[in-house]
Amino acid sequence: TLVSTGNVEPDETWDDIDQVDPAEASLLNKLLRRTVVENDRVHVEVIQSDPTSPLFSVKTFEELRLKTELLKGVYSMGFNRPSKIQETALPLLLAHPPGNLVAQSQSGTGKTAAFSLAMLSIVDPSNKWTQCLCIAPTYELALQIGQVIEHMGQFCPDVKVAYAIRGNRVERGVKLQEQIVIGTPGTLLDWCTKYKVIDLKKISMFVLDEADVMIDTQGFRDQSIRIQRALRKDCQMLLFSATFEDSLWDFAERVIPDANVIRLKREEQTLDNIKQFHVLCNNKEEKLEALYNLYGTLTIAQAIIFCRTRATASWLSAILKQEGHQVALLSGDLTVEQRAAVIERFRNGKEKVLVTTNVCSRGIDVEQVSIVVNFDLPVDMEGNADHDTYLHRIGRSGRFGKRGFAVNMVEGDRDTRILHQIQEHFHVPYKLQSLPGPSTCRLIDPSSFSSSKLGF
Ligand SMILES: Nc1ncnc2c1ncn2[C@@H]1O[C@H](COP(=O)(O)OP(=O)(O)OP(=O)(O)O)[C@@H](O)[C@H]1O
């Protein structure tokens, strides 16, 4: 255990601060997802490897001229028409000659479904050898992808899927008959080079999914490159990612030659429709008091309360429960499945208030949240304001043009400094308004927080 130095309260350790594990966050999103994320406020940016070739986009799955069994599979999943990214990606993926692709869009926009469809449509079921490879960062994510392929391919009985994940054994030198193999980079590389159950020269489609998570994981980047290098030049290569930082772009350029690039760009998130307040407190107990004063307001709709550590989150939720409130607790102590269950209950309105740590700050859509409370302000490892996390946390209160409301609890000088950093970073028009301190907070006329004023 690393005992912190100065920036964090003495009784806190880094172990107790939930770090967001991107692979887990992605899995959680998959477990929670019901439908494709479609947002009017996105636009598609396409950079073609050959700018002179015509660019097609499809509005229906029929236009793709898929095999009947496959089309049946697509409809059996409840897909009526291609998602935004699929409209452009699918024609490119299924073109003759096939194009290489680097695609970036947020989680849930239909990337997995797009490449699953592409794989299923290019395999030749009569050839009993591996033709498509897909690598994913974790065992669980590989299984999730496999489920999509197996579901979509349910009417193509001759197409088989194998999983190159820990625990699955293969016999050295005996070639696999499954046309599609999904796995994690290490095991897949072993299967290809050490056990020689896959002939990389016979692969016609290679997919790197969740590339942003992949390059963050020790060893995966190099293992992926090693697999890619052994492929034929005319093997179709695809890379998918939810984010697009410079490091990802460098990696993409290395592994996907002559790529067409599709990016789904969202409008900049603004905090214009979110009213931000702060309450000055001297200690945790005063924060709690301030929270009680707000409580009636929190439960008008639904609220998320963010704490820095697991200890604070469980302390707070226990106290609130003791007081008879219905509160859900979400922290990194829980397994991904347990987290999914907690979020699902909250989404369904079983609880009005969710107490959590950073595990919930990104990516998880809970639409009806109107109020976010930063019981602890978000800070980075150096103890400075973590602006990204601030934006992610409070941004969820004002989704879909609705009015949101955020309250920051400010404890002592350190927090005041952090609050100033936040104010400076988001400058005008993200002005924070002050609320009276805890002792006077009680006196606030509840009508000043009335639902009409908050725009619910
Ligand atoms: N064309 C479509 N019509 C309706 N639903 C769709 C369509 N394409 C995908 N979906 C559904 O939307 C959800 C998200 O799709 P998918 O998993 O492919 O997204 P993703 O971009 O790969 O997300 P992640 O990066 O988190 O894996 C899934 O539940 C999937 O079944």
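Whatever order the structure lists them in is the order used to number ligands and atoms, beginning at 1. Small disclaimer: the values here were computed from a predicted structure and weren't measured.
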#### Entry: Ring centre gap for Phe306 and Phe375 strictly below 6.0 Å
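Aromatic pair excluded; centres sit 6.0 Å or further apart.
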#### Entry: Geometric cation-pi criterion, Arg166 with Tyr139: 6.0 Å, 45°
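Ring-cation test returns yes.
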#### Entry: The one among Gln86, His151, Met152 that brings a heavy atom closest to atom 8 (N) of ligand 1
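Closest candidate by heavy-atom distance is Gln86.
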Subset of ligand 1 atoms that lie under 4.0 Å from at least one heavy atom of [X]:
{"X": "Gly110", "value": "9 (C), 15 (O), 16 (P), 18 (O), 19 (O), 20 (P), 21 (O)"}
{"X": "Thr109", "value": "19 (O), 20 (P), 21 (O)"}
{"X": "Ala113", "value": "8 (N), 9 (C), 18 (O)"}

Is [X] near ligand 1, meaning one of its heavy atoms is under 4.0 Å from it?
{"X": "Phe61", "value": "yes"}
{"X": "Arg81", "value": "yes"}
{"X": "Ser83", "value": "yes"}
{"X": "Met77", "value": "no"}

### Query
Is Gly108 in polar range of ligand 1, meaning some N or O pair under 3.5 Å apart?
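Yes, at least one N or O pair falls under 3.5 Å.
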### Task
Answer yes or no: does an N/O atom from Ser26 fall short of 3.5 Å to an N/O atom of ligand 1?
no
### Side-chain heavy atoms of Leu316 within contact of Ile305, under 4.5 Å
yes
### Sequence neighbours excluded - salt bridge (charged side-chain N to carboxylate O under 4.0 Å, His left out) pairs with any residue from residues 126-154
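The answer is none; no pair qualifies.
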### Query
So which pairs with a foot in residues 212-232 pass salt bridge (charged side-chain N to carboxylate O under 4.0 Å, His left out), sequence neighbours left out?
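Only Arg232-Asp234 qualify under salt bridge (charged side-chain N to carboxylate O under 4.0 Å, His left out).
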#### Entry: From CA spacing to verdict: side chain to side chain donor-acceptor pair (under 3.5 Å), Ser53, Gln48
CA-CA 8 Å; Ser53 73; Gln48 287 178 274; 3.1 Å; yes
### Message
Tell me whether Ser76 contacts the main-chain N or O of Gly73 through its side chain, where contact means a donor paired with an acceptor under 3.5 Å.
### Response
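Yes.
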